[in-house]
Amino acid sequence: MNRYWTLADGPLANLPEPNTFALREGPIPKPGPGQALTRTIYISLDPYQWGYKKRGAEKPGAPCHARTVSQVIESRLDGFVAGDLVFNVNGWSEYALMGEGVERPAYMIPRKLDPALGRISLAVGVLGMLGLTAYAGMVLLGEPKAGETAVVSAASGGVGQIAGQLARLRGARVVGIAGREEKCRFVREELGFDACVSHLSPTFAEDLRAACPAGVDVYFENVGGPVFDAVLPLFNPGARMTICGLIAHYGEDAAADARGALMRRGKAIFQERGVTVRDLFVGDFVADHQESFLREMGPWVAAGEVRYREDIRHGFETVPTAFIEMMRGDNFGKTLVQVSPDPTL
C-alpha cells in the first residue's frame with residue numbers, strides 16, 4: 001500500500017495545525033505508457049506550500065504538494081530506467097507516478113540526478129529550485145556590486161543562506177537577518193556574512209541600522225512585516241529589492257494583500273529614492289537559466305565556496321510536524337524529511 005498525507009476535511013486555520021492533515025492509504029499506482037513509478041526518498045518542505053493549500057490549489061483528497069527526490073522503481077518512460085535517481089514532484093506521498101498525464105507545475109520538470117555532483121538531497125535545495133530562486137532573485141534581479149551592501153532576511157533558511165553567499169561572491173558586504181542567536185552565529189561564522197542581526201532583539205531596528213552604516217543597496221525579502229519596516233528607511237538611492245516571500249504574512253486571511261500593504265508602506269521612500277522592487281517567481285527562470293545555474297553552482301558547492309545547511313527529519317509520519325515547525329521558524333536550515341533509504345549514503 002501507498003501512504004500519503006492530504007488535507008483533512010474542514011476549513012483551514014490561518015497557520016497549519018496537527019489536525020490540518022490526514023494520513024491515507026491507497027494502492028501503489030501502476031505506470032502506464034509514458035510513465036514511471038517512483039519511490040520518494042526526500043520530501044522538501046517550503047513555506048510556499050501553505051499558499052497552495054490556502055488558495056485551494058490542491059485537489060481534495062490528493063497528496064499535499066511538494067518537490068521530492070525519488071528513485072525510479074518501474075519505468076515505461078523514455079530516458080528513465082529502474083534505479084534512476086530523480087528530482088520530481090511526488091508530494092507528501094511514499095510512491096507516485098511521473099510522466100505523461102501526471103499533473104505538476106509546468107516549470108517543475110523531472111530530471112535525473114548524478115550523485116557525483118553532490119548529495120541527492122541538495123536537488124531540492126542549493127542544487128535545485130531553491131538555489132535557482134536565490135540566484136535569480138539576488139544575481140539576476142538584485143545585481144549586487146562590489147562594495148555595495150546587500151541585506152537578506154530569513155538568512156539561515158533554505159533560500160536566504162544561498163542568496164547571501166551569492167552576494168558575497170560578487171564582492172558585496174552582506175548583512176543577514178535571522179532569529180535565534182545560534183542562527184545568527186551560523187550565518188556569520190559558517191556562511192561568511194559580514195554581519196547578522198536578530199529580528200527577535202528588542203532593539204532590532206537599531207541593530208540593523210548599526211550593521212548597515214552605508215545604507216542598503218540590495219534587499220532580498222523573505223519575511224515582510226516588521227523586518228521590512230526596519231529595512232525600509234535604510235534604502236539608498238537606486239536600491240533594488242527582490243520580493244521572494246512574505247512569511248510573516250502567511251498566517252493572514254487568504255484574501256489579504258500582503259504585498260499591496262507592503263508597497264503602500266514603502267511608496268514614499270521607493271519614489272523618493274528610486275528604489276526598484278521586483279517580484280520573484282522562479283518558474284520564469286527555469287527555461288533560460290537552470291542549466292547554466294547548475295553548471296555554475298555545482299563547483300561552488302563542491303569546493304566549499306557555497307555552504308548549505310539542511311534540517312533533515314526522518315520518517316514519513318513526521319512530515320506534518322516538520323512542516324508546522326518550519327512555518328513557525330523552528331527549523332534551522334533547509335527543511336526536508338527523509339522517508340525511505342538514500343541509496344547513495
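Keep in mind that this is a model prediction, so the values were computed, not measured.
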Legend entry - Close side-chain approach of F21 and P16, heavy atoms under 4.5 Å: yes

Legend entry - Separation between CD1 of I177 and SG of C196, rounded to the nearest 0.5 Å: 8.0 Å

Inset, instruction - Look up atom OG1 in T335 and atom CD1 in I312, then write down how far apart they are to the nearest 0.5 Å. - result: 10.0 Å

Inset, instruction - For E221 and T242, test the side chains for any donor-to-acceptor distance below 3.5 angstrom and give the result as yes or no. - result: no

Inset, instruction - Starting at CG of L140, measure out to CG of D288 and round the result to the nearest 0.5 Å. - result: 10.0 Å

Inset, instruction - Taking N236 for its side chain and A239 for its backbone only, find out whether a donor-acceptor pair lies under 3.5 Å. - result: no

Inset, instruction - Please report the shortest heavy-atom distance between Q338 and D342, naming the atom on each side. - result: NE2-N, 3.4 Å

Legend entry - Within 6.0 Å of CD in E182, more than 12 heavy atoms from elsewhere: yes

Inset, instruction - Using atom types as modelled and distance alone, determine if a side-chain donor or acceptor of Y308 lies under 3.5 Å from a backbone N or O of G158. - result: yes

Inset, instruction - Using a strict 4.0 Å threshold on nitrogen-to-oxygen distance, state whether D217 and R240 make a salt bridge. - result: no

Legend entry - Output field: ring centroids Y107/F285 closer than 6.0 Å: no

Inset, instruction - Check whether any side-chain heavy atom of I41 lies under 4.5 Å from a side-chain heavy atom of Q71, and answer yes or no. - result: yes

Legend entry - Linked, directly or transitively: V139 and V151 (ILVMFWY side chains, under 4.5 Å): no

Legend entry - Which atom of I269 lies closest to which atom of P233, heavy atoms considered: CD1-CA, 3.9 Å

Legend entry - S198 side chain to D207 side chain, donor-acceptor N/O pair below 3.5 angstrom: no

Legend entry - Six-ring centre of F228, R265 cation under 6.0 angstrom, axis tolerance 45°: no

Legend entry - Whether H65 and Y48 hold their rings parallel, tilted or perpendicular, with breakpoints at 30° and 60°: perpendicular

Legend entry - Short side-chain to backbone donor-acceptor contact, R309 and G333, under 3.5 Å: no

Inset, instruction - Measure the spacing between CZ of R313 and CG of L45 and express it to the nearest 0.5 Å. - result: 8.5 Å

Legend entry - Check: F323 ring centre within less than 6.0 Å of W92 ring centre: yes

Inset, instruction - Mark yes when over 12 heavy atoms from residues, nucleotides or ligands other than E305 sit less than 6.0 Å from its CD; otherwise mark no. - result: yes

Legend entry - Exercise: identify the closest heavy-atom pair between V216 and C212: CG2-SG, 4.0 Å

Inset, instruction - Would you kindly check if the NZ (Lys) or CZ (Arg) of R111 is within the cone defined by 45 degrees around the ring axis of F87 and under 6.0 Å from the six-membered ring centre? - result: yes

Legend entry - Check: Y42 ring centroid to H314 ring centroid under 6.0 Å: no

Inset, instruction - Keeping the roles fixed (side chain from N222, backbone from S153), state whether a donor-acceptor pair exists under 3.5 Å. - result: yes

Legend entry - Heavy atoms from other residues, nucleotides or ligands near CG of N19 exceed 12 (cutoff 6.0 Å): yes

Inset, instruction - Check whether any side-chain heavy atom of R180 lies under 4.5 Å from a side-chain heavy atom of F332, and answer yes or no. - result: yes

Inset, instruction - Check whether any side-chain heavy atom of I243 lies under 4.5 Å from a side-chain heavy atom of L262, and answer yes or no. - result: yes

Legend entry - Within 6.0 Å of CD in E103, more than 12 heavy atoms from elsewhere: no

Inset, instruction - Could you walk me through whether E181 and R188 pass the salt bridge (charged side-chain N to carboxylate O under 4.0 Å, His left out) test, one step at a time? - result: CA-CA 10 Å; E181 174 53 32; R188 292 191 302 266; 2.8 Å; yes

Legend entry - Any W50 side-chain heavy atom under 4.5 Å of T20 side chain: yes

Legend entry - Hydrophobic cluster identity match, F281 and I162, side-chain contacts under 4.5 Å: yes

Inset, instruction - Before accepting this row, confirm whether a basic side-chain N of the pair R185/E190 lies closer than 4.0 Å to the acidic partner's carboxylate O. - result: no

Inset, instruction - State whether the side chain of W5 and the backbone N or O of F316 hold a donor-acceptor pair below 3.5 Å, judged by distance alone. - result: yes

Inset, instruction - State, without any angle test, whether S44 and K334 hold a side-chain donor-acceptor pair at a distance under 3.5 Å. - result: yes

Inset, instruction - Ignoring hydrogens and angles, tell me if any N or O in the side chain of T38 forms a donor-acceptor pair with the backbone of A96 under 3.5 Å. - result: yes

Inset, instruction - Report the relative orientation of the aromatic rings in H289 and Y135; use parallel for angles under 30°, tilted for 30 to 60°, perpendicular for over 60°. - result: tilted

Inset, instruction - Indicate the atoms forming the closest heavy-atom contact of G179 with H199, along with that distance. - result: CA-NE2, 3.6 Å

Inset, instruction - Check whether any side-chain N or O of T149 sits under 3.5 Å from a backbone N or O of R173 as a donor-acceptor pair, and report yes or no. - result: no

Legend entry - Shared hydrophobic cluster for M98 and Y4 (ILVMFWY, side-chain gaps under 4.5 Å): no

Legend entry - same_hphob_cluster(L127, V89) at 4.5 Å side-chain heavy-atom cutoff: yes

Inset, instruction - Measure from the side-chain N and O atoms of Q161 to the backbone N and O of G157, and report whether any donor-acceptor pair falls under 3.5 Å. - result: yes

Inset, instruction - Inspect the contact between E143 and R170 and indicate whether a charged nitrogen and a carboxylate oxygen are less than 4.0 angstrom apart. - result: no

Inset, instruction - Decide yes or no for M326 and I324: does some side-chain heavy atom of the first lie under 4.5 Å from some side-chain heavy atom of the second? - result: no

Inset, instruction - For the pair D194 (side chain) and V174 (backbone), establish whether a donor and an acceptor sit closer than 3.5 Å, ignoring hydrogens and angles. - result: yes

Inset, instruction - Indicate if F293 and L169 have the same hydrophobic cluster label, given that clusters are the connected sets of ILVMFWY residues with side-chain heavy-atom separations under 4.5 angstrom. - result: yes

Legend entry - Within-4.5 Å side-chain heavy-atom neighbours: L85 and V69: no

Inset, instruction - Would you check if F235 and M241 make a side-chain contact, meaning some heavy-atom pair closer than 4.5 Å? - result: yes

Inset, instruction - For N331 and D311, test the side chains for any donor-to-acceptor distance below 3.5 angstrom and give the result as yes or no. - result: no

Legend entry - Shortest non-hydrogen contact between A172 and P144, atoms and distance: CB-CB, 4.2 Å

Legend entry - Residues E94, R39: salt bridge by 4.0 Å N-O rule: no

Inset, instruction - For C244 and F220, work out which heavy atoms get closest and say how close. - result: CB-CE2, 3.5 Å

Legend entry - Any donor-acceptor N/O pair, S156 side chain to V187 backbone, under 3.5 Å: no

Inset, instruction - Report, as yes or no, whether the 6.0 Å neighbourhood of atom NZ on K145 holds more than 12 heavy atoms from other residues, nucleotides or ligands. - result: yes

Legend entry - Distance in Å, S93 OG paired with R3 CZ, rounded so as to fall on 0.5 Å steps: 10.5 Å

Legend entry - K30 bridged to E74 by N-O distance under 4.0 Å: no

